[in-house]
Amino acid sequence: QLRVVESGGGLVQAGGSLRLSCKFPTTILSTFNSMDMAWYRQPPGKERELVAEITSGRNTNYADSVKGRFTISNYRVKREMYLQKNDLKPEDTAVYYCTKTHQGHTDWGQGTQVTVLS
């Protein structure tokens, strides 16, 4: 069974919005709040980069390129994390990956493609 499952990618016009979701189906609720969670992305032909993270202490951090446009959040009862993306730009085109880190171990999802049309 997959430990991290992303969804919500697709095609969108520049200036539009998308919300990515990430589910952690094998995570038990008691450990959810002790996990660090993050979204990464890999644009075509480029290295994978950190987009946003939410720590176990509920702190959030964003890449400079997405500050003010993207918002990371999570919902413990549903064991889900989200990335709300507004004012999308063609340079946001990438495969987006969700991760969770607990006790030094990181699990990655398989990624979801986001394509922003100019």
Side-chain angles (χ1 to χ4, degrees):
Q1 186 177 11
L2 294 175
R3 296 181 178 183
V4 181
V5 182
E6 303 99 336
S7 63
L11 284 171
V12 63
Q13 292 287 337
S17 298
L18 275 179
R19 189 177 84 151
L20 303 183
S21 297
C22 181
K23 296 184 179 182
F24 309 105
T26 64
T27 298
I28 59 176
L29 289 179
S30 60
T31 64
F32 189 89
N33 285 345
S34 63
M35 300 190 319
D36 295 329
M37 295 166 242
W39 287 97
Y40 287 78
R41 68 184 179 187
Q42 187 164 18
K46 296 185 179 180
E47 297 291 317
R48 193 173 295 183
E49 60 184 8
L50 177 66
V51 176
E53 63 180 347
I54 182 167
T55 69
S56 58
R58 307 292 294 171
N59 295 315
T60 57
N61 298 293
Y62 297 90
D64 288 342
S65 59
V66 306
K67 281 181 181 177
R69 300 189 298 122
F70 290 11
T71 302
I72 189 171
S73 61
N74 60 24
Y75 190 0
R76 178 177 179 268
V77 172
K78 288 190 174 182
R79 291 176 289 183
E80 295 183 357
M81 177 176 67
Y82 312 101
L83 186 67
Q84 178 65 42
K85 305 159 57 178
N86 299 327
D87 189 23
L88 282 161
K89 303 176 180 181
E91 51 264 42
D92 295 318
T93 294
V95 178
Y96 284 74
Y97 298 90
C98 170
T99 70
K100 66 178 181 78
T101 301
H102 180 61
Q103 295 182 339
H105 177 77
T106 299
D107 288 308
W108 289 78
Q110 295 185 325
T112 185
Q113 175 71 46
V114 173
T115 302
V116 183
L117 305 174
S118 57

With side chains defined as the heavy atoms from C-beta onward, is the minimum distance between V4 and T99 less than 4.5 Å? no
Close side-chain approach of S34 and H102, heavy atoms under 4.5 Å: yes
Keeping R79 on the side-chain end and T27 on the backbone end, is there a donor-acceptor pair under 3.5 Å? yes
Determine whether a donor-acceptor pair (N or O, by modelled atom type, separation under 3.5 Å) exists between the side chain of D107 and the backbone of K100. no
Within this structure, what is the CG-NZ distance for the pair D87 and K85, rounded to the nearest 0.5 Å? 12.0 Å
Please check this pair: side chain of Q113 against backbone of G9, looking for a donor-acceptor N/O pair closer than 3.5 Å. no
Of all pairs that satisfy side chain to side chain donor-acceptor pair (under 3.5 Å), the ones with a partner from residues 45-54, not counting sequence neighbours: R41-E49, E53-N61
State, yes or no, whether a side-chain contact exists between V51 and L83 at a heavy-atom distance under 4.5 Å. yes
Counting only heavy atoms not in E91, do more than 12 sit closer than 6.0 Å to its CD atom? yes
Under 3.5 Å donor-acceptor pairs involving side-chain atoms of residues 13-21, not counting sequence neighbours:
unit_1 : atom_1 : unit_2 : atom_2 : d
S17    : OG     : N86    : OD1    : 2.9

So if you build clusters from Ile, Leu, Val, Met, Phe, Trp, Tyr with side-chain heavy-atom gaps below 4.5 Å, do V12 and F70 land together? yes
Would you name the heavy atoms of D92 and R69 that are closest together and state the gap between them? OD2-NH1, 2.7 Å
With rounding to the nearest 0.5 Å, note down the distance linking OG in S56 to CG in N33. 8.5 Å
Beyond-backbone contact of K23 with M81, side-chain heavy atoms, under 4.5 angstrom: no
Under the rule for salt bridge (Lys or Arg N to Asp or Glu O under 4.0 Å), what residues qualify as partners of K67, not counting sequence neighbours? D64
Is V77 isolated, or which residues cluster with it under the ILVMFWY side-chain rule of less than 4.5 Å, directly or via members? Y75, Y82
Which residue pairs pass the disulfide (SG to SG under 2.5 Å) test with at least one member in residues 15-118, sequence neighbours excluded? C22-C98
Any ring-ring contact (aromatic ring centres under 6.0 Å, His included) involving residues 18-45? Give me the pairs, sequence neighbours left out, ordered by first then second residue. Y40-W108
Strictly distance-based, threshold 3.5 Å: is any side-chain N or O of T101 a donor or acceptor partner for the main-chain N or O of T106? no
Do I72 and Y62 have side chains that get closer than 4.5 Å, going by heavy atoms? yes
Pairwise side-chain contact, Q42 with Y97, heavy-atom cut-off 4.5 Å (strictly under): yes
